[in-house]
> 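One structure is given below, represented as structure tokens, and several questions about it will come after.
Order of listing sets the numbers, starting from 1, for every ligand and every atom in it. One is the number of the first residue; the rest follow in order along the sequence.
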Amino acid sequence: MQQAKNTPPETILVAGASGGLATALVEKLSRRFPRARLLTISRTGIASPAGRHSHHSVDLSNPETITDVTEWLRYESLPNWVIHCSGILHWPNHLPEKNLQQCKDEALLRSIAVNVLSHLHLAQALAPLLQKRSPLTWASLSAKVGSIEDNHLGGWYSYRMSKAALNMLVRNLSIEWGRKLDCCRVVAVHPGTTDTALSKPFQQNIPVDKLYSPAQSADRIVSVLEQLCDADTGKLLFWDGSQIPW
Ligand SMILES: NC(=O)c1ccc[n+]([C@@H]2O[C@H](COP(=O)([O-])OP(=O)(O)OC[C@H]3O[C@@H](n4cnc5c(N)ncnc54)[C@H](OP(=O)(O)O)[C@@H]3O)[C@@H](O)[C@H]2O)c1
């Protein structure tokens with residue numbers, strides 16, 4: 001990834017804002033870009049960061065929120081950066097599947113609702129507001145395990161399948177918006193294994209130096225986004241900015 005001089009964002013939107021990585025990102029972004037307006041979306045309220053901040057409580061996995069989010073953004077302001085953090089791996093009564101026999105429609109459908117549809121709906125809410133000359137950086141937090149080429153272990157069916165679908169959504173968005181906007185970078189980012197509620201049940205076998213703090217991962221994600229260049233759009237990126245095959 002080549003170094004590019006990018007204009008600092010004036011307005012940043014973080015969605016799925018109550019989670020471990022999102023909380024650290026909001027903190028990091030408010031320090032890194034103290035003049036930027038920070039918009040957050042979550043199913044719940046969040047602690048307000050320092051600086052100019054506005055919060056909207058909706059569940060983006062519900063398609064009925066699309067118009068509502070469009071109107072909220074129209075009233076607030078058009079973001080130059082969007083970081084969508086929503087994602088789900090496990091919940092009460094569901095752990096990632098180890099084999100085919102453990103797969104259940106319900107788990108896959110729930111994974112798709114959060115890991116894919118919440119990202120699709122936010123893109124649909126933003127789309128009517130996009131302006132040709134207003135630069136846009138969109139990052140969906142995805143996962144390396146959503147890479148088809150990189151999958152040598154199997155298992156984790158619902159998570160892998162839904163993240164692979166998210167990756168395709170990101171690729172499609174990069175093409176569609178790339179045609180419409182003068183400056184548009186749409187990427188999926190793998191944050192690395194980070195110590196949050198999502199990874200908690202799977203941390204035992206992770207070497208200490210491979211389990212990152214949310215603050216560390218947030219720093220890296222922001223650095224990756226700051227250094228994005230035109231050639232990066234439509235890619236799945238590792239936390240150091242290198243490319244992961246789809
Ligand atoms: N932690 C890791 O090791 C790791 C590794 C690879 C990729 N990732 C990805 O990074 C992203 C952030 O993960 P995290 O570690 O910060 O996890 P987290 O703390 O569990 O946060 C996940 C976020 O997803 C949203 N979410 C969870 N369940 C939902 C549901 N049923 N309906 C709608 N939204 C729901 C929540 O947003 P609300 O604010 O709306 O509640 C929550 O803030 C995810 O996309 C994850 O797949 C994480």
> As a quick check of understanding, evaluate side chain to side chain contact (heavy atoms under 4.5 Å, CB included) for Leu60 and His119, giving each step before the final call.
CA-CA 8 Å; Leu60 284 167; His119 293 243; over 6 Å; no
> Closest non-hydrogen protein atom to atom 14 (P) of ligand 1, residue and atom name please, with distance?
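Here the nearest protein heavy atom works out to Thr196 OG1, 3.6 Å.
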> Does CD1 belonging to Ile148 count more than 12 external heavy atoms closer than 6.0 Å?
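Not buried by this count: 12 neighbours or fewer within 6.0 Å.
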> Any heavy-atom pair between the side chains of Leu39 and Trp72 that's under 4.5 Å?
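Side-chain contact under 4.5 Å: yes.
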> Need the ligand 1 atom indices (1-based, order shown) with element for anything under 4.0 Å from a heavy-atom of Ala17.
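Within the 4.0 Å cut-off of Ala17, ligand 1 contributes 39 (O).
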> Between Asp195 and Ser213, do the side chains contain an N or O donor and an N or O acceptor separated by less than 3.5 Å?
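Side-chain D/A pair, Asp195 to Ser213: absent.
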> At less than 4.0 angstrom from any non-hydrogen atom of Leu198, what atoms of ligand 1 do you find?
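Contacts of ligand 1 toward Leu198, numbered from 1: 1 (N), 2 (C), 4 (C), 15 (O), 17 (O), 20 (O), 46 (C), 47 (O), 48 (C).
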> If the plane angle is over 60° it's perpendicular, under 30° parallel, otherwise tilted; pick one for Tyr212 and Trp239.
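Taking Trp239 first and then Tyr212, their aromatic rings stand perpendicular (interplane angle over 60°).
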> Would you indicate which of Gly45, Ala15, Ser42 comes nearest to atom 38 (P) of ligand 1 when only heavy atoms are counted?
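Considering heavy atoms of Gly45, Ala15, Ser42, the nearest to atom 38 (P) of ligand 1 sits in Ser42.
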> How many angstroms lie between atom CG of Leu108 and atom OH of Tyr157, to the nearest 0.5 angstrom?
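The CG atom of Leu108 sits 12.0 Å away from the OH atom of Tyr157.
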> Check contact between Ser217 and ligand 1, using heavy atoms of the residue and a distance below 4.0 angstrom.
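No, that is not the case, since the closest heavy atom of the residue is not under 4.0 Å from the ligand.
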> Which one holds for Leu21 and ligand 1: side chain close, backbone close, both close, or neither close, with close meaning a heavy atom under 4.0 Å?
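Both of them.
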> Closest non-hydrogen protein atom to atom 24 (O) of ligand 1, residue and atom name please, with distance?
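The protein heavy atom lying closest is Gly87 N, 3.0 Å.
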> We want to know whether Thr233 and Ser174 form a side-chain donor-acceptor pair, criterion being a heavy-atom distance below 3.5 angstrom.
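No donor-acceptor contact under 3.5 Å links the two side chains.
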> Below 4.0 angstrom from a heavy atom of Lys163, which ligand 1 atoms are there? Numbered from 1 as shown, please.
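Reading through ligand 1 atom by atom, the close ones are 44 (C), 45 (O), 46 (C), 47 (O).
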> Quick one about His53 and Ser48 (side-chain donor to acceptor, distance below 3.5 Å, no hydrogens or angles considered), yes or no?
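Judged by distance alone, the side chains do pair up.
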> Which ligand 1 atoms does Tyr159 reach within 4.0 Å, using its non-hydrogen atoms?
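Answer, ordered by atom number: 7 (C), 8 (N), 46 (C), 47 (O).
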> Answer yes if the ring centres of Trp81 and Trp138 are under 6.0 angstrom apart, and no otherwise.
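Centroid distance Trp81-Trp138: not below 6.0 Å, so no.
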> To which protein heavy atom is atom 8 (N) of ligand 1 closest, and what is the distance rounded to 0.1 Å?
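Nearest protein contact, heavy atoms only, for atom 8 (N) of ligand 1 is Pro191 CG, 3.6 Å.
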> If you measure only the distance, is there a donor-acceptor pair under 3.5 Å linking the side chains of Ser142 and Ser140?
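Their side chains do not contain a donor-acceptor pair, so the 3.5 Å distance test is not met.
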> Closest non-hydrogen protein atom to atom 5 (C) of ligand 1, residue and atom name please, with distance?
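The closest heavy atom on the protein side is Gly192 O, 3.6 Å.
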> Does the structure place the NZ or CZ of Arg110 under 6.0 Å from the centre of the six-membered ring of Trp91, at an angle of no more than 45° from the ring's axis?
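Relative to the ring axis of Trp91, which defines the angle, Arg110 lies inside both limits.
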> What's the shortest distance from atom 44 (C) of ligand 1 to any protein heavy atom, and which residue and atom give it?
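Result: Cys85 O, 3.2 Å.
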> Without hydrogens or angle criteria, can the side chains of Ser217 and Thr194 be said to hold a donor-acceptor pair below 3.5 Å?
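Distance-only check passes for Ser217 and Thr194.
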> Heavy atoms only, cut-off 4.0 Å: how does Ile88 contact ligand 1, side chain, backbone, both, or neither?
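The answer is the side chain.
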> Of the protein's non-hydrogen atoms, which lies at the shortest distance from atom 31 (N) of ligand 1, and what is that distance?
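The closest heavy atom on the protein side is Arg43 NH1, 3.4 Å.
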> Taking N or O atoms only and a 3.5 Å limit, does Gly19 qualify as a polar contact for ligand 1?
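In this structure, Gly19 places an N or O atom under 3.5 Å from an N or O of ligand 1.
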> What atoms of ligand 1 come within less than 4.0 Å of a heavy atom belonging to Ser199?
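Matching atoms, with element in brackets: 3 (O).
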> Would you say the side-chain atoms of His121 and Asn62 include a donor-acceptor pair closer than 3.5 Å?
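The criterion, which ignores hydrogens and geometry beyond distance, is not satisfied for Asn62 and His121.
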> Provide the number and element of each atom of ligand 1 under 4.0 Å from a heavy atom of Leu141.
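Answer, ordered by atom number: 10 (O), 11 (C), 45 (O).
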> Give a yes or no on whether Leu73 and Ile83 share a hydrophobic cluster (residues Ile, Leu, Val, Met, Phe, Trp, Tyr; joining criterion: side-chain heavy atoms under 4.5 Å apart).
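No, no single cluster joins them.
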> I need the atoms of ligand 1 closer than 4.0 Å to a non-hydrogen atom of Thr193, numbered in the order shown.
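So the answer, numbered in order with elements, is 3 (O).
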> Just going by heavy-atom distances, which of Ala22, Ser86, Ala218, Ser57 is nearest to atom 25 (C) of ligand 1?
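It is Ser86 whose heavy atom sits nearest to atom 25 (C) of ligand 1.
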> Heavy-atom pairs closer than 4.0 Å: do any link ligand 1 to the side chain of Val145, the backbone, both, or neither?
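Near ligand 1, Val145 shows nothing, with every heavy atom at 4.0 Å or more.
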> For atom 3 (O) of ligand 1, grab the closest protein heavy atom and report residue, atom and distance to one decimal in Å.
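Residue, atom and distance for the closest contact: Thr194 N, 2.8 Å.
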> Looking at ligand 1, does any of its N/O atoms fall within less than 3.5 Å of an N/O of Gly16?
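Yes, since at least one N or O of Gly16 sits under 3.5 Å from an N or O of ligand 1.
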> Using a 4.0 Å cut-off to any heavy atom of Ser142, which atoms of ligand 1 qualify?
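It comes down to these atoms of ligand 1: 6 (C), 7 (C), 8 (N), 9 (C).
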> Tell me the protein heavy atom at minimum distance from atom 19 (O) of ligand 1, and give that distance in Å.
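The closest one turns out to be Gly20 N, 2.8 Å.
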